[in-house]
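Everything below concerns the one structure shown next.
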Amino acid sequence: RVTSVREMTTGEEGDIVGYFIAPGAWINTYEEHGNLFLAEIDRRIFQLNPQNDQIALRIALYLTEYWRQQAKTGTYDEPMVMEDLLAASMVTVDRTNLTTRFVPRVEAALRRLRTQGIIEDAHPLALVDRKQAQWGREWLATCWSITPPQELIGRLPAKSPRVLKPPSSRERTPGGER
C-alpha cells in the first residue's frame, strides 16, 4: 500500500513531498513460514556519509545481506577474497591507481566500518609484501576475514550459531590496528 504525502497549499493540491509505504497482508504469511529473506539494516550504516564513505557504505550493505545468508549455517567467519568482496559490493576497482589511492581507500573504509561498530574485525589472512612492484594484484587476491559484531549475530536467527573467537594478537588489520 502506498499513500502519497502532499504539501498543503490553499485551494489546490500541493506537490508530492513523500510517500508512506506499508507491506500488504503478504508480509504476515511470509513471516509465519520462517522466511528470512528480509535483512535488517543497522542504523549505523545510514550514519555513513553517502559521498565521503561511499566504499564503506557499499561494503556494509553487501555484508548485511551476506551475513543474513550466513545465518543459516552460522558461518560468519568464512574468508572472502578481496576482489570478490569488492565486486559483490559494487565497488569498481581502480586498477590505474590501485596501490597509490584505491587500496588505502578500501582499507580506510574497513577501518571506518570497524570504528562505527558495523563490523567486529577485518584483517587479511596473509600479509602482502608491499615492497614488490605489482603487489596490488596480490592484495586483490588475498582472503580476508570480516566478521559481524556479536550483537548482530544475536539478532540474526541461525540454525547452528557459532561464537566467533577474537583474533590473536598476531593478526592485525591494515594500518596496524587490532
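- Every residue two or more places apart in sequence or in another chain that forms a side-chain contact (heavy atoms from CB on, under 4.5 Å) with Asp84 is listed here: Val81.
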Exercise for review: For the pair Val91 and Tyr62, evaluate side-chain contact (heavy atoms from CB on, under 4.5 Å) and give the outcome as yes or no after the intermediate values.
Suggested key: CA-CA 10 Å; Val91 175; Tyr62 168 72; over 6 Å; no
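- Separating the OG1 atom in Thr142 from the CG atom in Leu125 is a distance of 9.0 Å, to the nearest 0.5 Å.
- Put simply, the side chain of Asp94 gets close to the backbone of Asn97: a donor and an acceptor are under 3.5 Å apart.
- When all heavy atoms are compared, the tightest approach of Glu120 to Gln150 is OE1-N, 3.8 Å.
- With sequence neighbours left out, Arg58 forms a salt bridge (Lys or Arg N to Asp or Glu O under 4.0 Å) with no residue at all.
- In this structure, Phe102 and Leu86 approach most closely via the heavy-atom pair CE2-CD1, 3.7 Å.
- Residue Gln134 holds its CD atom at 8.0 Å from OG1 of Thr99, rounded to the nearest 0.5 Å.
- Judged by distance alone, with hydrogens and angles left aside, the side-chain atoms of Glu83 form no donor-acceptor pair with the main-chain N or O of Ala141 at under 3.5 Å.
- To the nearest 0.5 Å, atom CG of residue Leu61 and atom CD1 of residue Ile118 are 9.0 Å apart.
- When all heavy atoms of Trp67 and Pro148 are compared, the closest pair comes out as CZ2-N, 3.4 Å.
- We find the CE-CD distance between Met90 and Gln54 to be 11.5 Å, quoted to the nearest 0.5 Å.
- Here the closest heavy-atom approach between residue Ile119 and residue Ala122 is recorded as CD1-CB, 3.7 Å.
- Residues Gln47 and Arg112 share a closest heavy-atom pair of O-NH2, 4.5 Å.
- The two residues Leu110 and Trp144 have their closest heavy-atom pair at CD1-CZ3, 3.7 Å.
- Atom CD of Glu107 sits about 13.5 Å away from atom NE2 of His123, to the nearest 0.5 Å.
- Taken from CG in Leu63 to OG in Ser89, the straight-line distance is 6.0 Å, to the nearest 0.5 Å.
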Exercise for review: Take Ser145 and Asp121 through the side-chain contact (heavy atoms from CB on, under 4.5 Å) test and state the conclusion after the steps.
Suggested key: CA-CA 7 Å; Ser145 174; Asp121 190 33; 5.6 Å; no
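- When Val103, Asp129, Leu140 are each tested for a side chain to side chain contact (heavy atoms under 4.5 Å, CB included) with Trp135, only one passes: Val103.
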Exercise for review: Under the side-chain contact (heavy atoms from CB on, under 4.5 Å) rule, what do Thr73 and Glu78 come out as? Steps first, then yes or no, please.
Suggested key: CA-CA 11 Å; Thr73 59; Glu78 286 289 316; over 6 Å; no
